[in-house]
Every structure is written in C-alpha cells, then in structure tokens.
Amino acid sequence: MTDIEKPTNFIQQVISADLDAGRVDSVVTRFPPEPNGYLHIGHAKSICLNFGLAQQFGGVCNLRFDDTNPEKEDDEYVQAIIEDVRWLGFDWAGEPKFASDYFAQLYSWAQHLIREGKAYICELNAEQMREYRGTLTEVGKNSPYRERLVEESLELLEQMKIGAVDEGTMTLRAKIDMQSPNINMRDPVMYRIKKMAHHRTGDTWNIYPSYDFAHGQEDAIEGVTHSVCTLEFAANRPLYEWFTNNLPLPSTPHQYEFGRLNLNYTVTSKRKLKQLVDENHVDGWDDPRMPTISGLRRRGVTSAAVREFCDSLAVAKTDGIVDLAQFEHFIRDDLNETARRAMCVLNPLKITLSNYEEGKEELLSAAGHPNRDDLPARQLPFGREIYIDHSDFSEDTSLSRKKFKRLVIGDYVRLRGASVIRADQVIRDSHDQIIEIVGSYVPDTVGENPPEGIRPRGVIHWVSATNSVDCDLYLYENLFTEAAPDAGEGSFIDHLNPQSLKIVKNCKAELGLGDAVVGQQYQFEREGYYCLDGKHSSAEKLVFNRTINLR
RNA sequence: UGGGGCGUGGCCAAGUGGUUAAGGCACCGGGUUUUGAUCCCGGCAUCGGAGGUUCGAAUCCUCCCGCCCCAGCCA
C-alpha cells in the first residue's frame, strides 16, 4: 500500500534480534483478555499489535481467555470477544485457549514450588497480610506461617482445593522476599479460595490461581515467545520471571510492555464502561457512543478504519493521550473510499418547481461513488415537488456567493445530480414560518452546464417530495464533554454529554435507501456517514446512525 | 518517600554522537471540484531545565524538574 518504510517499534526490534540470534525459531504471541467485559478500542491496539507481530514474522498468535477469576467472568463475554476479534479481521492459531484449561497443570506446579520450599500456605487474613506487606517506603515482615512444613502446606492446599477451608482464611503464597523494594515480590498470593462456580470448570475448583501465578505459565504452556502486555504490568515482570525460572516449564517466554492507548473525550476502562451500561447511561455495550468494538461496529466504523488507526499508533513506552481527531481521520479516510453515496434531507423544506410539468416524474441516474465506477449507480426520482434542507435556504439575499453557497430568492443553485434551480417566492404559514418555496428549474441542465449568465451559487442535496422514504437519524456526539473525563475530582459520570444523542425524526431519504442493509456504510452527501441501525430499524421505520460528520 | 517507567511543535511520534530534527493528526493559507467533502500545493519545533564530555549532542555523563505505574486473597 505505502512505499514509505514504516519505522520498526522496539518490540519488532527485539523479535528480529531474537530470530537472528537463534533465541527463538518462530514467533508466538497471544492476545489474553479476561472475559469480564466487552473489548474496546484500547484492546484493538493490543490485538493489532499481537496478531500483527505474528503476521509480520510468520508466526502465530493465540486468542487466550485469562479466566482465572470466576467472580466477574461470563460466557457472554467470551462469545462477544470472539466475535469482535473476528470482526477486526484476525484469526488465531487453533481453538481459542483458556487459562482454565491449565488449572490442573497450574495446581501441580504449585505443589512443585511447595516441595521446593518456595511456597507455603499462609493463614494471615487480608488485613493482616496488608500489614505484613509493608508500604512503598517500609519493607514488609515475614508471615508467621512462612516456615510451615512442606507436608503440611501440601495437605492444606489440598484441603483448600476440595472446599474444606473457608474463604479468606488461607492462601498459597510464593516464598520470595518480604524485604524486596518491589512490593510485588513480597510473597505474592498464588492461590486464593473462591467457593464459586466457574463459567467453564463449574464447581470443580474451590481455589483459583492469581494472575501472577498463571500468566507466565500459560504463556509457557502455549510456547509463547513474546508476551506483550501494557505498561502497568512492568512491575510484575520480575515476578513473571521468578515463576518461569523456578518452575519446570516447557518453554521460557519473555514479557515486554508497551503504552496502552488513551483517547480523549472517552473512557477506556472496562470497569467504567460496565458502569455506563449498568446504570443505563447508554443503550448497552454496543451503544454507538461506546468505544467498544461492538459499539464502533454498530456506529458504522469499519474494521479497516480501526486497523489503520491502530497501525498509526506508536508502540512505545510513553503513555500519551491520542486526540480523537486522529481516530476520526482514519474513519473518514476509509469511509470516503468505501461508502456509497446517497442523499437524505434532515429538515425538509418543500420546493415546488412551477415550470415543471405537473404529475411528471423522471428517473435520474447518479453515481454510487464519485470516483469509483465499480459501485452501482442510483436512480433518483425527480419531479415538480422536491425537498431540500431548511438550512440550505436563506432569506438574506445580501449574503455573498462565497459565504453562502446555497439557495436565496432570485438566485440559482445546482441540485446534486439534477437540474439547476432558482428560488422565486417564499410561502409562509399563519405563524409566519416558511413552509414552502416556489421556484423554477432551468431546462437541460442535468449533467450539463447552465446557459451563459446563470451561475449556481453552489450544489445542494435534495430528494423527491413524492417518491422517497422516511427515516429517523440518530446523531451522536462525544459521550463526554471533558477531554479527560477521569481527571479532577468527582465522577466521570458527571461529565457525560447530555447532547451525546440527538434523534432527528421524519427525515426524507432517497428511494434506494429503502433497501439499505445493516453493515453497509453510506455517505449522505453534504451531511455525513451513516449506516442502518440493526437494533432500532424495522420494516416500517428506517433508523440510521450517524457514524461521523463530514469535515 | 522505596522500586519501576517516561519526558522531541497543540496531539501522536521517528530519531540508537555528524541529517536542513522524518511522518501522521490538528491548524492556517492557496488551487481543483455538480458533496463548503475528497484531492493537490504551501506554511507550521532545536528536542523538560541547568551544567559537563566532544571538533561535533535530541542522542553520552551529572544534577534538578515534571508525569505515569506498584502497597487486591483484580487483571
């Protein structure tokens, strides 16, 4: 596509070096979401990175669900994530993987560490454990259970596993260093008791491995060579390495961290997105205002646009906030190329062309796209009565041609794909509101320049008043009024934009839009990009979502 | 404050001692245009600060300043 060589990021450099030095034979990456929510644009960056890396180096990428905490996880999320990754255009190696598939293996590795004297059952409760852990500036102190006998720990772990121990009373901990300046190394928890059914393993287990005890081992089992995660896990890397170094693993993966994506005027935290859904601030996870993959899809954003955007992002260790305008650029860029053109009048104002034969209707042909002839042409019914948008007419005839390239009394304008017309007279109702314009058309100007002396001020869109389809338009704005909804005091909820959804009813769309299908993008010329909403649209009522306006 | 990480134009960034300091977004001019769209042309920084090393530093050293992450039996 582009002949400009893209600079390589630091992870690509590491992989190249590993390949060159023979440290790895082929690349294996993974995208490891926890199925506790829907994927969002931030995940898209990680997905494009991980699957992209595998593609670039001829390796493979796994989709792995990190389902180590049954508390917040659900199969609903598993299915949604699978759909979203597919929609983004990626395919994983083999079947999706699950951390829960490795629970038995993890358990025996835990026993291994106990036997090696590197793990123990601790009976400190949560509060005590916090006290013993120390703080950022003070070292911690050893748990009184730290030197428990191996056999005893082994037996207690088994008791925990079968459900004979109460939640919160015991944990399995790695015996590392309570004096470590890295708090993550102060005897971290490997297993905690949760007498809770797991969405895949049911009630087989009463204990579940912690993220730290699970992640590196999952990577090792799958032969992941480069385990790429976000910056906040950097402090966990020594622990990741401690486990991979102290366990008899089938391979030794390595962790690399990059900066997660932050976008202004939106939130990208599963917790906050879930709150928006749970408190009904939005119409579900796939509300078109949500930065979720499903929301973007419903909004009409193409997966190509998401991919292009993600590829434009730097993979580095800086944590900046990307301007929403950058994402919007890629959305428009793709839609401009792919969206079919159509016309829709949001705020209809009737124009009667007095010199056009009454009862006559002709079919005009318009291009499906200005510079693509592979898209089918459209048929536009044209007659004596048409609609234009109210905002395309002004009574102020002093407006300069340059400033107002639309219709004014006594002047001409080109109807897109049709004739040049002139406005002659304004008709008002009893409240002095303009309800109709009487005008005239210039014969033989369809696809032809008007005669000398007639200079249209501009080109406006229109639709037949007698042969069109009605529809409602959902216009979306940013969900938040603040660039950084999370910043400052108060809740991000306080910064919700009350104007984020505006519904415009009874719009007039060109006839062909009656056959619009979900998943097809349209550009309503001079208005913006739209798509049929799968949730609100029905046979009787067409509903279109505005993906984004034109610049 | 202990540990880890990061600071290049309004935003995202490339840059790994010698280049006129890439590119994209945004913005501002101008041209084309039956979408005030697209497209095209042009404009737009001395690199957090201060010292130092060097013939030469955004790139190396020192000190300072600022921001982010870690004190869940979350991930």
Side-chain angles (χ1 to χ4, degrees), chain A residues 4 6-10 13 32-34 36 66-69 71-73 122 124-126 129-131 133-140 167-173 180-186 188-194 207-208 210-212 214-215 229-238 257 259 261-262 264 270-271 309 312-314 316-330 332-333 336-337 341 343 366-367 370-371 402-406 413-418 420 445-449 456 458-461 483 523-529 549-551:
Chain A
I4 300 161
K6 259 198 96 175
T8 58
N9 63 55
F10 77 96
Q13 291 174 15
E34 181 187 15
N36 65 346
D66 210 1
D67 55 351
T68 56
N69 183 359
E71 222 159 297
K72 301 177 291 179
E73 297 161 5
C122 179
L124 254 27
N125 63 31
M129 201 181 288
R130 194 180 320 121
E131 285 164 13
R133 185 159 37 228
T135 67
L136 293 180
T137 50
E138 307 159 55
V139 298
E167 278 188 32
T169 60
M170 278 184 201
T171 57
L172 176 68
R173 294 227 257 164
S180 173
N182 180 348
I183 294 191
N184 295 294
M185 300 298 273
R186 319 238 261 233
V189 169
M190 293 165 57
Y191 268 104
R192 66 303 205 193
I193 301 168
K194 281 181 192 288
I207 57 174
Y208 293 92
S210 64
Y211 164 84
D212 287 303
H215 208 90
C229 63
T230 44
L231 246 31
E232 66 267 29
F233 291 101
N236 298 57
R237 186 173 359 113
E257 311 90 20
L261 166 66
N262 294 302
N264 58 15
K270 272 192 214 166
R271 202 208 101 227
F309 169 61
S312 81
L313 266 15
K317 286 179 176 291
T318 44
D319 46 358
I321 299 166
V322 176
D323 196 324
L324 198 56
Q326 189 165 332
F327 185 26
E328 294 177 336
H329 163 77
F330 287 98
R332 291 195 184 93
D333 199 42
N336 177 51
E337 200 59 41
R341 307 292 126 121
M343 290 192 284
N371 38 41
K402 176 145 187 163
K403 207 170 170 208
F404 192 72
K405 304 162 94 160
R406 312 176 187 192
V413 85
R414 153 82 65 184
L415 292 181
R416 168 124 255 232
V420 170
T445 49
V446 178
E448 301 292 336
N449 286 326
V459 180
I460 64 172
H461 58 104
Q523 184 198 89
F524 291 175
E525 292 186 295
R526 301 210 310 134
E527 290 291 355
Y529 295 99
N549 58 343
L550 255 26
R551 291 224 58 198

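Here is how names work: the chains are called A, B, and so on, in the same order as the sequence lines, proteins then strands, and each is numbered from 1.
Residues Arg551(A) and Asn336(A) fail the side-chain proximity criterion, which asks for heavy atoms closer than 4.5 Å. When side chains are defined from C-beta on, Leu313(A) counts as touching Gln326(A), because their heavy atoms get closer than 4.5 Å. Using a 4.5 Å heavy-atom threshold, the side chains of Val459(A) and Arg526(A) count as separate. Side-chain contact between Asn549(A) and Tyr529(A) is absent, with no heavy atoms from C-beta onward closer than 4.5 Å. Using a 4.5 Å heavy-atom threshold, the side chains of Leu415(A) and Ile460(A) count as touching.
Going from atom CD1 of Ile321(A) over to atom P of C67(B) covers 14 Å, rounded to whole Å. Atom CG of Leu231(A) and atom P of G3(B) are 19 Å apart (whole Å). Atom CZ in Phe327(A) sits about 14 Å away from atom C1' in C25(B), given to the nearest Å.
Side chain of Arg192(A) to main chain of Tyr208(A): a donor-acceptor pair is present (N/O by atom type, distance under 3.5 Å, no hydrogens or angles). Side-chain atoms of Arg406(A) do not come within 3.5 Å of backbone N or O of Gly458(A) as any donor-acceptor pair. In this structure a side-chain-to-backbone donor-acceptor pair under 3.5 Å is missing from Asn9(A) to Ala314(A).
In plain terms, the two heavy atoms of Met129(A) and Thr171(A) that are nearest each other are CE-OG1, 3.4 Å. For the pair Glu257(A) and Phe10(A), the tightest heavy-atom approach, listed with the atom from each and the gap, is O-CZ, 3.1 Å. Taking every heavy atom of both residues into account, Arg414(A) and Pro456(A) meet most closely at N-CB, 3.8 Å. Listed here is the closest heavy atom pair of Asp66(A) and Tyr211(A): OD2-CD1, 3.7 Å. Nearest heavy-atom pair, Arg173(A) versus Leu124(A), reported as atom, atom and distance to 0.1 Å: NH2-CD2, 3.7 Å. Closest approach of Leu324(A) and Asn264(A) over heavy atoms only: N-OD1, 2.9 Å.
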- Apply side-chain contact (heavy atoms from CB on, under 4.5 Å) to the pair Leu261(A) and Phe309(A), showing each step before the final yes or no. CA-CA 11 Å; Leu261(A) 166 66; Phe309(A) 169 61; 3.9 Å; yes
- Task: Apply the test side-chain contact (heavy atoms from CB on, under 4.5 Å) to residues Glu232(A) and Asp319(A): give CA-CA distance (whole Å), side-chain angles for both, the deciding distance (0.1 Å), then the verdict.
- Result: CA-CA 10 Å; Glu232(A) 66 267 29; Asp319(A) 46 358; over 6 Å; no
- Going through the checks in order, is the side-chain contact (heavy atoms from CB on, under 4.5 Å) test met by Lys194(A) and Asn69(A)? CA-CA 9 Å; Lys194(A) 281 181 192 288; Asn69(A) 183 359; 3.4 Å; yes
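Taking atom P on both C25(B) and U53(B), the two are 43 Å apart, rounded to the nearest angstrom. Nucleotides U54(B) and A21(B) have their P atoms positioned 24 Å apart, rounded to a whole Å. Of the C1' atoms belonging to A57(B) and U19(B), the separation is 14 Å, rounded to the nearest Å. Separating the P atom of U8(B) from that of A50(B) is a span of 16 Å, rounded to the nearest Å. Between C55(B) and U62(B), the two C1' atoms lie 23 Å apart (nearest whole Å). Between G4(B) and U20(B), the distance separating the two P atoms is 39 Å to the nearest Å. With both ends at atom P, the span from G18(B) to A13(B) equals 24 Å, rounded to whole Å. Remark: the separation of the P atoms in A58(B) and U46(B) is 12 Å, to the nearest Å.
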- Message: Can you build the contact string for nucleotides 70-75 of chain B? Use B for base contact, S for sugar-phosphate-only contact, and - for no protein heavy atom under 4.0 Å.
- Response: BBSBSB
- Can you give one letter per nucleotide of nucleotides 26-39 of chain B, going 5' to 3': B for a protein heavy atom under 4.0 Å from the base, S for sugar-phosphate only, - for none? SS------BBBSS-
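G72(B) shows a glycosidic angle within 90° of 0 and is accordingly assigned syn.
In the displayed structure, Gln13(A) atom CD is contacted under 6.0 Å by more than 12 heavy atoms of other residues, nucleotides or ligands.
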What pairs of nitrogen or oxygen atoms, one from the protein and one from nucleotides 13-15 of chain B, lie under 3.5 Å apart?
unit_1 : atom_1 : unit_2    : atom_2 : d
A13(B) : OP1    : Thr318(A) : OG1    : 2.7

Identify the pairs formed between an N or O of the protein and an N or O of nucleotides 40-48 of chain B at a distance under 3.5 Å, and give each distance.
none

Tabulate protein N/O versus nucleotide N/O from nucleotides 57-60 of chain B, keeping only pairs under 3.5 Å, one per line.
none

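Consecutive Watson-Crick or G-U pairs involving RNA chain B, each under 3.5 Å on both distances, make up stems of three or more pairs at B:2-7 with B:65-70, B:10-12 with B:23-25, B:27-31 with B:39-43, B:48-52 with B:60-64.
When the options Arg271(A), Lys270(A), Glu73(A) are evaluated for a side chain to side chain donor-acceptor pair (under 3.5 Å) with Asn36(A), the one that passes is Lys270(A).
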